Amino acid sequence: IWEYIRKIRKEFGMTIFISTHYMEEADNLCNRIGIIDFGKIQVIDTPKSMKSAIGNEIISFNLVDGKVNQDTLIPRPETEHLVQQSLIKLDNLDKNYQILELGTGCGAVAVALAGERPKASIVATDVSVKALKIGKYNASKLHISNIQFVCSDWLSGIYDQKFDLIISNPPYVDAKKINDYEPRSLSHEPSVALFADDNGRSCIKEIIQKSIRFLKRDSWLIIEHGHDQSYFCKQLMQSFQLRTIQTTLDYSGVGRITA
């Protein structure tokens, strides 16, 4: 499998996140999956099949190499799109952007943004101390020094700061559907990072409601959400006087990012 990974990285410039839990299954899977070329972003084909086959333990994330474990959410291709949309908005490479990531997990998003915008100052939060340790490890491994990792339940640990961008990939799967998933596929990621109450909307609602006071003028709030939650996100953002709200499609054509 390592020869496969090296080949993919050499030819497509992408990064593979892989867990040691399913090495044999991943090896077999690598023999039959293809690659879709989206320019700079490279996504392993049929992510849904991968999720059911190996619990999403192997995933592409083209901007960073990193470590994941059972305490962190494994980055999905949709989150690459979240990063790319953020970089489009942070288009001044010389600006000291103030960025807040809510629910950083393994730190992949924060590290990716820090690497692409080295003059930015990033605060990356998570409620899990164990997840923050992984995030810090990944940042340190890549010699990223412009991220401050903070233990915080969403915005509860943020004080008197204003940001140019607040970004989050919160849990958005309906908690009532947890029994629809195989226990094996859930054993390698924390349920708290996947499932939310109120039809999967409770965390999204809290983030939108509480982020307003932490945003600078002409700033951005960008959220990854479920395939059927874009209207809810736009309506709630509008109710808090956010403007020029748009939902962009992910690489499979699904509305997944609203800002």
Side-chain angles (χ1 to χ4, degrees), residues 64 66 71-73 79 82-83 85-87 89-90 92 94-140 142-172 190 192-198 201-225 232-233 236-245 257-259:
V64 297
D71 298 314
T72 65
L73 190 70
T79 306
L82 182 70
V83 171
Q85 289 299 309
S86 298
L87 292 174
K89 300 179 189 315
L90 306 175
N92 185 345
D94 295 320
K95 185 173 179 179
N96 176 220
Y97 289 109
Q98 305 297 306
I99 301 170
L100 171 64
E101 186 195 4
L102 299 171
T104 191
C106 70
V109 169
V111 170
L113 292 175
E116 292 292 307
R117 299 293 182 268
K119 294 187 178 180
S121 298
I122 301 174
V123 176
T125 75
D126 205 287
V127 71
S128 169
V129 173
K130 292 181 178 179
L132 288 172
K133 287 182 179 179
I134 298 297
K136 290 178 181 178
Y137 171 87
N138 287 331
S140 175
L142 293 169
H143 308 290
I144 298 292
S145 60
N146 55 330
I147 304 175
Q148 177 188 4
F149 290 92
V150 176
C151 188
S152 176
D153 185 1
W154 300 129
L155 289 136
S156 64
I158 305 300
Y159 308 98
D160 301 323
Q161 290 176 269
K162 297 284 186 178
F163 298 92
D164 298 289
L165 175 78
I166 297 178
I167 181 172
S168 185
N169 173 25
Y172 51 73
V192 69
L194 292 167
F195 299 97
D197 294 327
D198 189 18
R201 304 182 301 182
S202 61
C203 295
I204 292 173
K205 185 184 298 185
E206 180 175 350
I207 289 169
I208 293 175
Q209 289 176 337
K210 295 184 178 180
S211 288
I212 306 306
R213 62 184 288 254
F214 296 96
L215 288 167
K216 294 181 181 180
R217 184 181 180 89
D218 299 323
S219 57
W220 294 92
L221 170 62
I222 181 167
I223 294 178
E224 179 182 330
H225 50 72
F232 169 76
C233 287
L236 189 57
M237 286 179 175
Q238 288 173 355
S239 72
F240 284 93
Q241 283 71 55
L242 292 177
R243 300 179 180 178
T244 62
I245 302 165
I257 308 296
T258 296

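Worth saying up front: this structure is predicted, and the values here are computed from it rather than measured. When reading the values below, keep in mind they use all heavy atoms of this one structure, side chains included, and skip hydrogens, waters and symmetry mates.
- Contact between Leu82 and Ser168 at its shortest, heavy atoms only, is CD2-O, 4.0 Å.
- By the side-chain contact (heavy atoms from CB on, under 4.5 Å) test, Ser202 pairs with Ala196, Asp197, Asp198, sequence neighbours left out.
- Not counting sequence neighbours, Lys89 has no partner by the side chain to side chain donor-acceptor pair (under 3.5 Å) test.
- The closest donor-acceptor contact from the side chain of Ser156 to the backbone of Ser152 lies at 3.5 Å or more, if one exists at all.
- Heavy atoms only, all atoms of each residue included: Ile167 and Ser86 are closest at CD1-OG, 3.1 Å.
- Among all heavy-atom pairs drawn from Ser121 and Asn96, the shortest one is OG-ND2, 3.2 Å.
- Of all non-hydrogen atoms in Asn146 and Arg117, the two that sit nearest each other are ND2-O, 3.5 Å.
- In this structure Asp164 satisfies the side-chain contact (heavy atoms from CB on, under 4.5 Å) test together with Lys95, Tyr97, Gln98, Lys216, sequence neighbours excluded.
- Summarising the geometry of Asp71 relative to Ala131, their closest heavy-atom pair is O-CB, 3.7 Å, with the distance given to 0.1 Å.
- Checking side-chain atoms of Lys162 against main-chain N and O of Arg213 turns up a donor-acceptor pair under 3.5 Å.
- Proximity of Leu90 to Ile99: side-chain heavy atoms (C-beta onward) are separated by under 4.5 Å at one or more points.
- A 4.5 Å side-chain heavy-atom check between Gln161 and Leu100 finds every atom pair outside the cut-off.
- Not a single donor-acceptor pair under 3.5 Å links the side chain of Arg201 to the backbone N or O of Phe232.
- Under a 3.5 Å cut-off, the side chain of Ser140 and the backbone N or O of Tyr137 do not form any donor-acceptor pair.
- When the side-chain contact (heavy atoms from CB on, under 4.5 Å) test is applied to Lys119, the partners found at least two apart in sequence or on another chain are Asp94.
- Within the structure, no pair that satisfies the side chain to side chain donor-acceptor pair (under 3.5 Å) test touches residues 124-134, not counting sequence neighbours.
- Residues Ile158 and Phe163 meet the side-chain proximity criterion, which asks for heavy atoms closer than 4.5 Å.
- For Ala124, the side-chain contact (heavy atoms from CB on, under 4.5 Å) partners two or more places apart in sequence, or in a different chain, are Glu101, Thr104, Ala110, Ile147, Phe149.
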